[in-house]
Student: 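Here it is, the structure, as structure tokens.
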Amino acid sequence: MPQVRVIGDDPDHVDQVVTLILALINASPHLIAGDPTRLRHRGGGGRVVFDVTVTDRRTTPEPAPTRVHAERVDNLPTPRSRRTPPRRALPPA
């Protein structure tokens, strides 16, 4: 799985860069970013890693269905319901 690593001597600058990168990835309909993980950095700097995956069309949510109300505009009579004949029991065997 692809992984993004942001490493620097200034932890505040690293946090700013990670925030901007995550905003860009989350704005994309084709990418998903994992949760960022802060790792130790020698010398007290910042080191953040997170995974990036490509979305699959099967996991993309479908748009909500749209309700439509339509009225009949022609003057045809409404169809009458059919009556089914009553069922008869089978003769004894």
Student: Applying side-chain contact (heavy atoms from CB on, under 4.5 Å), can you list everything that pairs with Leu39, at least two apart in sequence or on another chain?
Tutor: Thr37, Arg47, Val49
Student: Of all the heavy-atom pairs spanning Val14 and Gly8, show the shortest one and how long it is.
Tutor: CG2-N, 3.5 Å
Student: Give every residue pair that meets the salt bridge (Lys or Arg N to Asp or Glu O under 4.0 Å) criterion with at least one member in residues 27-36, sequence neighbours excluded.
Tutor: none
Student: Check which hydrophobic residues are tied to Ile7 through side-chain heavy-atom contacts below 4.5 Å, counting indirect links as well, and list them.
Tutor: none
Student: List, one per line, each side-chain donor-acceptor pair under 3.5 Å for residues 19-32, sequence neighbours excluded.
Tutor:
unit_1	atom_1	unit_2	atom_2	d
Thr19	OG1	Asp15	O	2.8
Asn26	ND2	Leu22	O	3.1
Ser28	OG	His30	N	3.1

Student: Ignoring hydrogens, what is the shortest heavy-atom contact between Phe50 and Gly34? Give both atom names and the distance.
Tutor: CB-O, 3.8 Å
Student: Using the salt bridge (Lys or Arg N to Asp or Glu O under 4.0 Å) rule, collect all pairs that involve residues 2-13, keeping only residues at least two apart or in two chains.
Tutor: none
